[in-house]
J.: 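Got a structure here, written out as structure tokens. Questions coming.
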Amino acid sequence: MTVLKETPKDFAREKYRPQYHFSPKENWMNDPNGMVYFHGEYHLFYQYHPFGTTWGPMHWGHAVSKDMVEWEHLPVALEPDEHGMIFSGSCVVDWEDTSGLFDGNAGLVAIFTHAKEVADGNHIQKQSLAYSKDDGRTWVKYAGNPVLEDASLKDFRDPKVFWHAPDRRWVMVLAAGDWVNIYTSPNLIEWSYASSFGKEEGAHLGVWECPDLFPLQVDTSNEKKWVMIVSIGDDPQYEEGSRTQYFIGEFDGEYFVADEPEAVRWLDYGRDNYAGVTWSDIPEEDGRRILLGWMSNWRYANQLPTESFRSAMTLPRELTLRTTQSGIRLFQSPVKELGTLEETISEKVDVSVAGNYRLADDLKTGTLKVELTVDPTDSRHFQLVLPTTNGEKTVIGYESDTSRVYIDRSLSGENRFHEDFSGCHAAYVPPTGRPMTWQVYVDHSSVELFVNDGEVVLTDLIFSEGVVQGVELTAEEGHAAVSKLKVARIRSAM
Ligand code: FRU
């Protein structure tokens, strides 16, 4: 029998394989973990089951990149041990060796949840440390694990840690039931409870998971606000499945106070952006705050129709706070590094769309970016239609009377694997007094829509048999004034 040896890039050609979104070479992945920048590398760890394509005993997978575009896959970083599986968590650079683990040098510390299965199928969850003295290539579990436990809480996980310079100590935000606990520590080893946030704030439609907390400048002013991101687990009562909310407020090193405690602000109005957190230790000269989410939804994640791998991450997105007519909002924009993959195919200005307008007819590409600036208010219904070579289509639209933008994936392709997958997902677009901008990124199994510079974002998985054939615009009842339209192919980053 001839055994065919896999060439290194074979996995890249697999059906539905994203070409410029991170996905594991094989097997199951969920949350991004431990994202940290150190010695010129962006590290990405992730919840990983190395022996199967569905969720199972959790490890930390690992990859590194110099630009968040091309990734090098590295061996598994953390494996389960006597304390249990390795659930989600974060990494920091311990610059001043506060932990004493690095002989006075700087090194990487991972702070994660150990989850140990107990008889009734539940997990006991405790926080632990591991450290690396060789740029994340090998890891040693801290001998005194766990470093934080609370037997009274069943759901107690996903530590995100950062250095709070004014108090010269570490801060941890941790999901506890359906709120967030905040702890502080001088050395990453001894932790003291500081406060809780969220018992009365935001949405409580499921258990809270994967919190993050960080400061951001408001617009380009000197004003600073703190942003708390919190994911909410899947609850069968709500059709959206798992999703992520955010709060804007103040943090004094101990207490986070939301400016609008009642308000529920969703990070993404599509179905497939979960457990997103931001990179640690991006140098000050760069100054960006960059988020990566798991591009899936617990409702159907285990049933997605890929074969040897399951799940991908969203595009890395730069976060900013901007003042809008409705108040300060969190904006997301794909990182500029992705621009290196773009090859413009067609560019048009001042197109008046009435009825149907076809731009590119013979694209035949699975990876695509469409950018447009449009005033659609003189038509009732404006659409960007992306038909595939297989007779499928993904439709992105805007309805003037409700001011809602949507992605409709009901005709995009394979959707029989779960009854809740097919559908149309919409979001209200607040008026700006200016034409609306769309940036649409299509990869082999996803579409991401950034409206008005990323004030409103929708991320949806799609599983088309064909690749995108062309780009069509339609305007019903009236016309849509498209002042800019640009179509680019995106080169594979694999
Ligand atoms: C979120 C999550 C985390 C947990 C991990 C387990 O998707 O449920 O709360 O740490 O996944 O894989």
Side-chain angles (χ1 to χ4, degrees), residues 24 27-35 44-62 76-80 83-91 110-118 121-130 146 148-150 153-161 172-181 198 204-212 229-236 240-245 267-268 271-278 291-304 310-314 459 461:
N27 291 319
W28 166 271
M29 174 182 82
N30 57 290
D31 314 358
N33 293 151
M35 287 139 63
L44 169 60
F45 300 87
Y46 50 88
Q47 287 289 276
Y48 189 45
H49 181 205
F51 312 115
T53 52
T54 51
W55 191 88
M58 283 289 109
H59 297 54
W60 272 25
H62 188 196
V76 163
L78 297 175
E79 294 180 358
H83 298 293
M85 302 182 270
I86 316 294
F87 272 19
S88 287
S90 50
C91 276
I111 309 98
F112 59 88
T113 300
H114 258 132
K116 191 162 188 159
E117 234 170 321
V118 287
N122 283 322
H123 301 120
I124 297 185
Q125 302 177 349
K126 301 173 179 179
Q127 319 320 315
S128 288
L129 307 180
L148 178 63
E149 44 193 317
D150 182 337
L153 292 164
K154 175 167 137 334
D155 292 300
F156 187 63
R157 59 177 178 267
D158 309 339
K160 181 75 162 67
V161 172
M172 177 198 291
V173 286
L174 187 72
D178 65 346
W179 68 91
V180 166
N181 277 356
H204 291 263
L205 310 170
V207 66
W208 283 19
E209 301 183 313
C210 301
D212 196 356
I229 291 183
V230 180
S231 284
I232 307 180
D234 179 25
D235 180 321
E240 290 85 353
S242 54
R243 45 192 159 153
T244 302
Q245 61 182 330
L267 186 72
D268 200 302
R271 289 286 153 84
D272 300 302
N273 180 1
Y274 192 65
V277 286
T278 64
L291 175 106
L292 194 72
W294 174 45
M295 196 154 56
S296 193
N297 191 314
W298 278 118
R299 179 65 54 93
Y300 43 67
N302 278 285
Q303 282 96 46
L304 297 181
R310 217 175 239 126
S311 296
M313 297 301 180
T314 66
T459 304
L461 292 172

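Treat the numbers as computed from the prediction; the structure is a model and nothing was measured. Just follow the structure's listing: the first ligand is 1, and inside any ligand the first atom is 1.
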J.: If a pair satisfies side chain to side chain donor-acceptor pair (under 3.5 Å) and one of its residues is in residues 172-181, list it, with sequence neighbours excluded.
T.: D178-H204, W179-N181, N181-Y183, N181-S196
J.: Checking D235 now: which residues fulfil salt bridge (charged side-chain N to carboxylate O under 4.0 Å, His left out) with it, not counting sequence neighbours?
T.: none
J.: Write out the residue and atom name of the closest protein heavy atom to atom 1 (C) of ligand 1, then the distance separating them to 0.1 Å.
T.: D31 OD2, 3.0 Å
J.: Below 4.0 Å from any atom of ligand 1, is there a heavy atom belonging to W294?
T.: no
J.: Give the residue and atom name of whichever protein heavy atom lies nearest to atom 6 (C) of ligand 1, and the separation in Å to one decimal.
T.: Q47 OE1, 3.2 Å
J.: I need the atoms of ligand 1 closer than 4.0 Å to a non-hydrogen atom of Y274, numbered in the order shown.
T.: 1 (C), 7 (O)
J.: Hey, do the aromatic rings of H59 and F51 have their centres closer than 6.0 Å?
T.: yes
J.: Quick check on contacts: which atoms of ligand 1 are under 4.0 angstrom from a heavy atom of M58?
T.: 12 (O)
J.: For atom 8 (O) of ligand 1, grab the closest protein heavy atom and report residue, atom and distance to one decimal in Å.
T.: E209 OE2, 2.8 Å
J.: Report the relative orientation of the aromatic rings in W55 and H123; use parallel for angles under 30°, tilted for 30 to 60°, perpendicular for over 60°.
T.: tilted
J.: With heavy-atom distances below 4.0 Å as the criterion, list the atoms of ligand 1 near S88.
T.: 5 (C), 10 (O)
J.: Take the angle between the ring planes of F45 and H62 and call it parallel below 30°, perpendicular above 60°, tilted in between.
T.: parallel
J.: Is any NZ, NE, NH1 or NH2 atom of the basic residue among D155 and R157 found under 4.0 Å from an Asp or Glu carboxylate oxygen of the other?
T.: yes
J.: Hey, looking at atom 3 (C) of ligand 1, which of D158, N30, I86, T113 has the closest heavy atom?
T.: D158
